[in-house]
Amino acid sequence: MRLSRYYLPVLKETPADAQIASHRLMLRAGMIRQEGAGIYAWLPLGFRVLKKIEQIVREEQDRAGAVEMLMPTIQSADLWRESGRYDAYGKEMLRITDRADREMLYGPTNEEMITEIFRAGVRSYKDLPKMLYHIQWKFRDEIRPRFGVMRGREFLMKDTYSFDIDEARARASYNKMFVAYLRTFARMGLKSIPMRADTGPIGGDLSHEFIVLAETGESEVFCDRRLVDMDTPKKDIDFDDDLQPVIDQFTSHYAATDEMHDAAAFEKDVPEDNRVSARGIEVGHIFFFGEKYSNPMKAVVAGPEGGEIPVQMGSYGVGVSRLLGAIIEAHHDDDGCKWPVSVAPYHVGLVNLRAGDEACDAACEKLYAELTGEGVEVLYDDTSARPGEKFARMDLIGLPYQIVVGPRGLESSEAEIKTRADGAKENVPVDQVGTKVAAAVRAALQYA
RNA sequence: CGGGGCGUAGCGCAGUCUGGUAGCGCAUCUGGUUUGGGACCAGAGGGUCGCAAGUUCGAAUCUUGCCGCCCCGACCA
């Protein structure tokens, strides 16, 4: 993509409203634009990242055996009356009426709808288990939206729902999601730590929040360093195997958010050197809730001995739009974003330091064609802006690799490759730049 | 929802207390000089002062109502 054709409204000055790094950088880098309290338009650059995150989430869900579908954003109030949540949900739910005065709502979540869909098509225990998911926009009329996309009112969420015949098998579904989440976040360059969450009236031990550690995280978290250092399950893991040993490993050490924190247990169970007290961002939440919806909504199947058995359900959410904020919180510096290659809006920023100069133009065009031909995503700065402005803009939008082509380097037939993550710069013969960068991008996109 | 604050050019702000015909920096446009980390000189364009009603000879400024946004708290993916 040529920058001269792109829409990238970067801001030199920091917007007054933005409090935290990710919000500030997303506004400054022209990724989002606020259209209302907690409501954002996704500008081209931000939209590309959103799509990449979504795709990683999708790939890992598919790998775990979940099946994608899509449910509407607008739901009927009657559906929610079946579960009793229409009155229970409160003002957080955006309620609307259509022209016939029917009561509708903009979905804050989809348990009721998926239960209705499931019960319409499944009759027998032989049809189980099932895991269905969708990636859809939700709306929760938060009292106080803040931190940009980290806590918007409208947000993109992946939610999976599992249906099993009994609790033991529901646990197997839960475990699949647990592993899928570890992998999903790792692929985005995030270290996520599962932390026991409040299971409320359901009870049991089957609820975990996945927390990403980041200095500017919204909540305080406590855990054992051994969890931070633990290796993410590899991509050859078989989701049909018994995953319990993996779950046991990741739940074997202390980890709690501030609301579940037990200072005494923390000090007793965790050696002093291993105590991590940090800030975190919740990026995922998995939850087993048994018959909470299947019972009132009559989602039942015929069991092996006849008779109707309510299905055991769980739900598993990932805050897709929120992840942009989380990734920036974890990967940025004072100059801007530092995108991991897997979610970067473009892999490479090609900077023509003197657009209009014959040699610079020719070298850039050649590199652009070569890299694009290799499948590398290139944002080519072909504008007539001054060098300083171009450098600052590239650092701000944070593409993983920058290729700088200027008259000075071309005198010795060289261009500069800069790695945004560590700031390393290297002068490389122009005719080798394409191969070298393409190889680096390919290598970074490999994941275990 | 309680408490606090803001709304003036694309962005950041001054002007409001004490009413007199709207300003600064950045950005934008034109010309010129420049060009490897956010240039310089000269010139130009751009504002129903959030909306509405009121007071007044006269309102960005005073009064009332409404709308929008932000911050702190309780709540949340």
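Protein chains get the first letters and strands the later ones, always in sequence-line order, with residue 1 at the start of each. Given the structure is predicted, the values throughout are model-derived calculations rather than measurements. Atom set for the values below is all heavy atoms of this structure, side chains included, hydrogens, waters and symmetry mates excluded.
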Whole-Å gap separating C1' (B:C1) and NZ (A:K91)
8 Å

Would you call A:E370 and A:K366 a salt bridge, using N to O less than 4.0 angstrom?
no

When we call it a touch if two heavy atoms are under 4.0 Å apart, what does A:K425 touch: a base, just sugar-phosphate, or nothing?
base

Ranking A:L156 and A:A18 by the position along RNA chain B of their nearest nucleotide, the one closer to 5' is A:A18

Minimum-distance nucleotide (side-chain atoms of A:R140 versus B:C75, B:C70, B:A77)
B:A77

How is A:Q19 classified with respect to the nucleic acid when contacts are heavy atoms under 4.0 Å: base, sugar-phosphate, or nothing?
sugar-phosphate

For A:A392, which contact category applies under a 4.0 Å heavy-atom criterion: base, sugar-phosphate, or nothing?
base

When rounded to whole Å, the NZ to P distance for the pair A:K418 and B:G36 reads 16 Å

Looking across every strand, which nucleic acid part, if any, lies under 4.0 Å from A:P407 by heavy atom: base, sugar-phosphate, or nothing?
base

Could you tell me if the ring centre of A:W137 sits under 6.0 Å from that of A:F155?
no

Backbone N/O of A:G38 and side chain of A:R153: donor-acceptor pair under 3.5 Å:
no

Scan every strand shown for a Watson-Crick or G-U wobble partner of B:A59, both distances under 3.5 Å, and answer none if you come up empty.
none

Taking the nucleotide of RNA chain B with the closest heavy atom to each, which residue, A:R144 or A:R322, is nearer the 5' end?
A:R144

For A:L324 and B:A77, what is the distance between atoms CG and C1' respectively, to the nearest whole Å?
14 Å

What I want to find out is whether A:R85 reaches A:E111 closely enough, with some N-O distance under 4.0 Å, to be called a salt bridge.
yes

Could you state the CE-C1' distance from A:M394 to B:G36, rounded to the nearest angstrom?
15 Å

Using a cut-off of under 3.5 Å, enumerate the N/O to N/O pairs linking the protein to nucleotides 7-12 of chain B.
residue	atom	partner	partner atom	Å
B:C11	O2	A:E13	OE2	3.3

Nucleotide B:A77, atom P - distance to CZ of A:F147 in whole Å:
15 Å

Value in whole Å for how far the P atom of B:C75 lies from CG of A:D258:
11 Å

Using a 4.0 Å heavy-atom cut-off across all strands, classify A:R393 as base, sugar-phosphate, or nothing.
nothing

A:I143 side chain: which of B:G36, B:A77, B:C1 is closest?
B:C1

Under 4.0 Å, heavy atoms only, any strand: does A:G409 hit a base, just the sugar-phosphate, or nothing?
base

Checking side-chain polar atoms at under 3.5 Å, does A:D381 have a donor or acceptor matched by the opposite partner on A:N352?
no

Once you apply a heavy-atom cut-off of 4.0 Å, does A:G317 come out as touching a base, just sugar-phosphate, or nothing?
nothing

Which nucleotide sits closest to the side chain of A:F391: B:G36, B:C70, B:C76?
B:G36

A:E282 side-chain proximity, nearest of B:U35, B:A77, B:C70
B:A77

Counting the atoms with a prime plus P, OP1 and OP2 as sugar-phosphate, which does A:R354 contact under 4.0 Å by heavy atoms, base, sugar-phosphate, or nothing?
sugar-phosphate

Measure CG/A:N352 against P/B:G36 and give the value in whole Å, please.
14 Å

Checking base pairs now: Watson-Crick or wobble, both atom distances under 3.5 Å. What partners B:A39?
B:U33

Would you mind classifying the nucleic acid contact of A:V320 as base, sugar-phosphate or nothing, using non-hydrogen atoms under 4.0 angstrom?
nothing

Under 4.0 Å from OP1 or OP2 of B:C72: is there any side-chain N or O of A:R146 that close?
yes

Assess the side chains of A:S83 and A:E112: does a donor N or O sit below 3.5 Å from an acceptor N or O?
yes

Going by purine N1 to pyrimidine N3 plus the second Watson-Crick contact, or the G-U wobble pair, all under 3.5 Å, which nucleotide sits opposite B:G19?
none

I'd like to know if the side chain of A:E414 and the backbone of A:V405 have a donor-acceptor N/O pair within less than 3.5 Å.
no

Length of the NE2-P vector between A:H134 and B:A77, whole Å:
16 Å

Which base, if any, makes a Watson-Crick or G-U wobble pair with B:C76, both distances under 3.5 Å?
none

Give a yes/no answer on whether the side chain of A:R386 brings an N or O atom under 4.0 Å of OP1 or OP2 in B:A39.
yes

Centroid-centroid distance, A:Y316 to A:Y161, less than 6.0 Å:
no

Give A:G152 one of three labels, base, sugar-phosphate or nothing, depending on what nucleic acid heavy atoms sit under 4.0 Å from its own.
base

Watson-Crick or G-U counterpart of B:U28, or none if no pair lies under 3.5 Å
B:A44

Hey, would you say the A:H261 and A:F266 ring centroids sit under 6.0 Å apart?
yes

If every non-hydrogen atom of A:D141 is compared with every non-hydrogen atom of A:K91, which pair is closest and at what distance?
CB-O, 3.6 Å

So A:D159, base contact, sugar-phosphate only, or nothing? Heavy-atom distance under 4.0 Å.
nothing

